[in-house]
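Working notes, structure below.
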Amino acid sequence: MAEQADLILHGGDIVTLAEHGDERGEAVAVKDGTIVLVGPEQEVLERWRGPHTVVRDLGGRALLPGFIDAHGHLGGIGLQAVIANLLAAPDGDVTDLAALKDKLRSWAATPVGADSDWIVGFGYDDAMLAERRHPTRDDLDEVSTDRPVLAIHQSFHLGAVNSIGLKRLGYSTATPDPEGGVIRRRELAVPPSYGEPDGVLEEKAFTPASDLALVGLPERELLMLFATGAAKAASFGFTTVQEGGTTLANLKALRDTAAAVPLPVDVVAYVKADEAISSTLDDPIGVSDEYVDGVRAAGVKLVLDGSPQGRTAWLTEPYLTPPPGQPEDYCGYPAVPDDALVAKQIATAVERDWQVLAHVNGDAAIDQFLKAVEAAGPGRRPTVAIHAQTARKDQVDVFARLEILPSFFSMHTYYWGDWYRETVLGKKRAESISPARWALDKGLRYTSHHDAPVALPNSIAVLSSQVTRRTRSGHVLGPDQQVSALDAVRAITINAAHQYGEQDRKGSIEVGKLADLVILSANPLTVDPEQIRDIKVIETIKAGTTVHPPAPTDQASGTPSTAPTPQWGCSC
């Protein structure tokens, strides 16, 4: 034999997702991190087994292409593991404001919390709290009157601070709302008084609070966020992840970290569009199709509105129930009111061959985005509508015409489906959130994502939510938008590879592609759809090497102190 494989996998359900040829295989041979043969077990063993080949029997488990994160925030995944967990079930146990305050107090007493400037926690959801409201400054003053406190909403588009936090931010009765944000008040007032802030902050009023609080974390924790996030993503079967909407400083920190501490997964990064385009450099991002130390920059991210579950997304029709203090015809608001500025940012990105991702949850924001994309004309790289949560059917038609890829946050059906029906959109509009079936009917390669840290990077939950569309209460939200398990798997494998322009090397188990693989306890294509949620990720393989569970010798010892400290914030 002239050559021998490093690894042969056989004895299980092998889902190749090959776009041309068989979707199933009996065995896979891997050499030098690349798939060299997929085929009948006997043929693979005869042609590629040698004295040094590791031959592994899958024992009936399923082998799939490694999962590809169509949209998320790598640093945010690491952050989620570091600060206080304020999530509700199934990802946490915060059910009321008393529990939220206890979590913050407990975290403040930990070594990390004690060294942090702010007391900070992430993930509360007013829809899941017994009180059905946000914490206020008064609530958080009960956590501390000596240190600033920030509780971040699960959407990462809102948050609440205590009285000291408001002072740190300089928010008072004399502070007007910033453009694209709201400082919620205890009462209405007539300028020059704007009303006393109640502690709840939306969008661009919230961003300065998260920036201050997160940069105040201990430096040793900030330096390890990328590595922590990458390991967490790998534990859910992801072999390619995204840092979606970062700063130029954080992009440099990511590259420096990856050079010093090899990450277990590939990372595709997108820089905030306004910062990248305002730079005096011709290419401040360094966009490339190739990875260096497992990192490549692909383009820019725009944020055009807010969060439907937080009722800050920009809609064309009013919310079913407006937030406190808002009129009955409240429709949310744009993050960038200037249409010309949005058009300029997208046109500049297309001209510079930067891929464009745009956060558009509300249908009014989608209208703004579509107008700008049509004016800019086609680019070489796919343009992506991130979330597209309330996309109308006519807008999906335009996605198809303009070749825009929608990437749906499909887990909204579970996490906030009941909230959408009862409070946000009403029953009729809620039925068509994350309209994957409309996208398929138009021939679109839609993708699905987790948007961590908004949700855990749970690949199995991403799959289950597309197929069943079950809410927390068990209601099937929009059965007409359900898709097959095969389509759901494609949305986080081969379709996501197409989104990144990497379909020639990732997304399916085919000869010549990277051996990016995931082993599951069961095959999502053959189990009962209601049992997909019970599937476990057993092992994650990146370029032929197991990265989860991690070998003890592969554990990163830490990021060198010479690495720059990231400046943290999130536009999820």
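These numbers were taken from a predicted model, which means no experiment stands behind them.
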(message) Taking the side chain as everything from C-beta on, heavy atoms only, tell me whether His449 gets closer than 4.5 Å to Val462.
(response) no

(message) What I want to find out is whether Arg392 reaches Asp394 closely enough, with some N-O distance under 4.0 Å, to be called a salt bridge.
(response) yes

(request) Could you tell me the separation between the CG atom of Leu514 and the CD1 atom of Ile35, rounded to the nearest 0.5 Å? (result) 8.0 Å

(message) I'd like to know if Lys513 pairs up with Asp504 as an ion pair, taking the criterion as any Lys NZ or Arg NE/NH1/NH2 lying under 4.0 Å from an Asp or Glu carboxylate oxygen.
(response) no

(request) Inspect the contact between Arg445 and Asp487 and indicate whether a charged nitrogen and a carboxylate oxygen are less than 4.0 angstrom apart. (result) no

(request) Indicate, with yes or no, if the rings of Phe238 and His450 have centres closer together than 6.0 Å. (result) yes

(request) Determine, using ring centers only, whether His387 and His71 are less than 6.0 Å apart. (result) yes

(message) For Ala276, is there any backbone N or O sitting under 3.5 Å from a side-chain donor or acceptor partner on Ser279?
(response) no

(message) Keeping His157 on the side-chain end and Gly310 on the backbone end, is there a donor-acceptor pair under 3.5 Å?
(response) no

(message) For Arg352, is there an ion pair with Asp283 - N to carboxylate O distance below 4.0 angstrom?
(response) no

(message) Using a strict threshold of under 4.0 Å (side-chain N to carboxylate O), is an ion pair present between Arg168 and Asp117?
(response) yes

(message) Looking at Asp363, is its backbone amide N or carbonyl O close enough to the side chain of Thr390 to form a donor-acceptor pair, meaning the two atoms are under 3.5 Å apart?
(response) yes

(request) Evaluate whether atom NZ of Lys204 has more than 12 neighbouring non-hydrogen atoms of other residues, nucleotides or ligands under 6.0 angstrom away. (result) yes

(request) I would like to know whether Asp256 and Lys252 meet salt bridge (Lys or Arg N to Asp or Glu O under 4.0 Å); could you show each step before the answer? (result) CA-CA 6 Å; Asp256 290 348; Lys252 183 179 186 306; 2.7 Å; yes

(message) Under 4.0 Å between a side-chain nitrogen and a carboxylate oxygen: does that hold for Glu290 and Arg296?
(response) no

(message) Do the side chains of Asp293 and Arg255 get close enough for a salt bridge, i.e. N-O under 4.0 angstrom?
(response) no

(request) Decide, yes or no, whether a salt bridge links Arg380 with Asp289 under the criterion of side-chain N to carboxylate O below 4.0 Å. (result) yes

(message) Measuring centre to centre across the rings, with the benzene-like ring taken for any Trp, is Phe409 within less than 6.0 Å of His412?
(response) yes

(message) As a test of understanding, state which of Val396, Leu440, Leu405 forms a side-chain contact (heavy atoms from CB on, under 4.5 Å) with Tyr446.
(response) Leu440

(request) Give a yes or no answer on whether the side chain of Gln242 reaches the backbone of Val268 with a donor-acceptor pair at less than 3.5 Å. (result) no

(message) Quick check on Lys31: does its NZ atom have over 12 non-hydrogen neighbours (other residues, nucleotides or ligands) under 6.0 Å away?
(response) yes

(request) Look at Arg401 together with Glu374 and state whether they make a salt bridge at an N to O cut-off of under 4.0 Å. (result) yes

